[in-house]
Structure formats: C-alpha cells, structure tokens
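Below is one structure, written out as structure tokens; the observations come after it.
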Amino acid sequence: SAARHSYLRTARARPDLVRRLIDAIKRDGILATYRKVQSKLGEPQALGYSSAGTVIAVGGGTEDLFRVGDLVACCGQNVASHAEVVCVPTNLAVRVPDGVALEDAAFSTLGAIALHGVRLAEPQLGGRYAVIGCGILGLLATQLIRAHGGRVAAFDLAPEVVARAKALGAEAGWAGETAEQVQAALA
C-alpha cells in the first residue's frame with residue numbers, strides 16, 4: 001500500500017528515527033511505543049522552520065538584543081513557523097540588515113544550512129567539489145563554493161535544474177539517473 005511505501009521511504013531516509021524507535025521498544029515495550037507513535041502522528045505540527053517579521057514584543061532580559069519594531073529573521077522547527085505571530089528564543093533570531101526585504105531575510109535559514117554544509121567540506125581555492133541535488137540548498141552551496149574559489153560539478157535528475165546550477169557558477173553538470181551521472185562524470 002502507499003502508506004507502507006511511505007513508511008519504508010521514511011525509514012531509509014531517517015535511520016536515526018529507526019534507531020530511536022528500536023530503543024523505545026526495548027525500553028518501553030512494543031505496545032507502549034506503538035501508542036506513543038500513534039499519538040505523535042495525530043498531533044498537529046506547525047509548518048515551517050524559517051520566517052522573518054517585525055518584533056511586536058520583547059521578553060524580559062532581552063531588551064539589549066531586540067526592540068519592538070526591529071526586523072528579524074528566525075529559524076527553528078516548531079518555532080519559526082509560517083504564522084502571523086510566533087514566539088522565538090533570542091538565539092534563533094537575528095536582526096535583518098538595513099535594505100534587506102523580509103521576503104529575502106526569510107531565506108536566511110536556508111543560506112545558513114547551505115553555508116554549514118560548505119564549511120564542513122572545507123573548500124580550498126581551486127579545489128573540485130560535487131554538489132549532488134540542485135534544489136535551493138544545492139544552488140546556494142554551488143554559489144558559496146564558487147565564492148570560496150572552488151570548482152563545482154552539479155548533479156541532479158532534472159536537466160533544467162543542472163542548467164540553472166551552471167548559470168550560477170557550476171563549471172560542469174550532469175542530469176539523469178545515478179548511473180548516467182556517474183558515467184558522464186567519469187568520461
């Protein structure tokens with residue numbers, strides 16, 4: 001069934017969740033774990049993890065960081081959700097620089113995620129790097145690696161996305177299934 005296929009896909013994509021599930025079964029038993037999982041699946045979840053807006057109130061002790069009227073960008077799942085009003089801890093918010101539109105500032109979390117990945121790769125001037133998947137994070141990573149002086153080869157299933165990565169600085173790129181991409185890269 002479609003639901004079973006979805007569970008298998010989630011299990012493959014998130015082995016950390018599978019480990020947590022197994023640990024819970026060992027600790028609490030299968031029935032208690034099943035009930036806990038079912039109750040979690042039934043809870044509504046806030047959508048989003050990145051937002052930007054205007055400060056309407058400031059908690060005690062944070063007046064030196066933010067003031068009412070400041071424009072801020074925020075991050076954090078179940079915190080910086082897509083809502084009219086959110087309450088965000090100060091360590092998950094930053095003032096938006098003058099001249100930056102809130103629509104652009106809302107993407108700061110995605111930029112931070114891409115930058116973290118690039119920093120972990122420790123790009124070197126003239127080094128060669130592969131960006132696999134050219135969605136928004138891949139495109140941001142491509143540009144960041146280029147800004148660090150790295151050379152980028154972009155890979156994705158869709159040719160139009162690879163073309164976009166090339167337009168944003170990738171020196172090479174290949175589209176298609178994994179085997180086709182590998183074969184093209186090795187040629």
Side-chain angles (χ1 to χ4, degrees), residues 1-22 37 40-41 45-52 73-83 86 88 91-94 96-97 100-187:
S1 79
R4 181 172 290 133
H5 181 71
S6 178
Y7 288 141
L8 289 173
R9 183 178 297 142
T10 301
R12 285 187 189 115
R14 297 287 310 271
D16 58 312
L17 292 179
V18 174
R19 279 190 296 280
R20 284 176 46 197
L21 180 66
I22 291 169
V37 168
K40 271 288 195 200
L41 291 175
Q45 298 290 315
L47 297 177
Y49 55 86
S50 181
S51 61
C74 312
C75 69
Q77 184 177 5
N78 296 324
V79 176
S81 58
H82 301 172
V86 296
V88 180
N91 66 330
L92 296 178
V94 64
V96 174
V100 175
L102 288 177
E103 293 82 10
D104 296 331
F107 285 91
S108 61
T109 300
L110 294 173
I113 292 167
L115 180 60
H116 183 66
V118 169
R119 284 183 174 159
L120 289 174
E122 299 178 357
Q124 303 296 313
L125 184 64
R128 294 174 183 230
Y129 303 90
V131 172
I132 302 170
C134 296
I136 185 120
L137 292 176
L139 294 174
L140 287 169
T142 295
Q143 294 173 81
L144 288 166
I145 292 168
R146 292 292 296 149
H148 276 84
R151 301 171 66 192
V152 179
F155 298 87
D156 198 278
L157 297 173
E160 64 275 5
V161 187
V162 172
R164 188 165 206 184
K166 286 180 173 180
L168 292 171
E171 290 184 13
W174 295 277
E177 296 297 323
T178 304
E180 297 167 324
Q181 292 177 22
V182 170
Q183 187 176 30
L186 294 175

- Message: When you compare the side chain of R19 with that of D16, does any pair of heavy atoms fall below 4.5 Å?
- Response: yes

- Query: Listed by chain and number, what are the side-chain hydrogen bond (donor to acceptor under 3.5 Å, both in side chains) partners of T109, not counting sequence neighbours?
  - Reply: S50

- For residues K166 and A172, report the shortest heavy-atom separation together with the two atoms involved. CE-C, 3.8 Å

- Shortest non-hydrogen contact between T142 and A170, atoms and distance: CG2-N, 3.8 Å

- Is the backbone of Q124 close enough, under 3.5 Å, to the side chain of Y129 for a donor and an acceptor to pair up by distance? yes

- Task: Among L157, L168, L139, find the one that has a side-chain contact (heavy atoms from CB on, under 4.5 Å) with C134.
- Result: L139

- Message: Counting only heavy atoms not in L125 (residues, nucleotides, ligands), do more than 12 fall under 6.0 Å from its CG?
- Response: no

- Message: A side-chain contact here means heavy atoms from C-beta on lying under 4.5 Å apart; do C75 and L92 qualify?
- Response: yes

- Note on the structure: Closest non-hydrogen atoms of V96 and A105, given as atom of the first, atom of the second and distance, are CG2-CB, 3.6 Å

- Note on the structure: Residues pairing under salt bridge (Lys or Arg N to Asp or Glu O under 4.0 Å) where one sits in residues 132-151, two or more places apart or in two chains, turn out to be R146-E171, R151-E171

- Query: Is it true that atom NE2 of H82 has more than 12 heavy atoms of other residues, nucleotides or ligands lying nearer than 6.0 Å?
  - Reply: yes

- Message: Would you say that C74 contacts V79 through its side chain, given a criterion of any heavy-atom pair below 4.5 Å between the two side chains?
- Response: no

- Least distance between heavy atoms, A175 atom then A158 atom: CB-C, 3.8 Å

- Item | Interatomic spacing from CG in L115 to CG in L110 - rounded to 0.5 Å | 12.5 Å

- Query: Would you say E177 has more than 12 foreign heavy atoms packed within less than 6.0 Å of its CD?
  - Reply: no

- Note on the structure: Heavy atoms of V152 and I145 approach each other most closely as CG2-CG2, 3.5 Å

- Task: For side chain to side chain contact (heavy atoms under 4.5 Å, CB included), just list the numbers for F107 and L140, CA-CA rounded to whole Å, side-chain angles, deciding distance to a tenth of an Å, and then say yes or no.
- Result: CA-CA 11 Å; F107 285 91; L140 287 169; over 6 Å; no

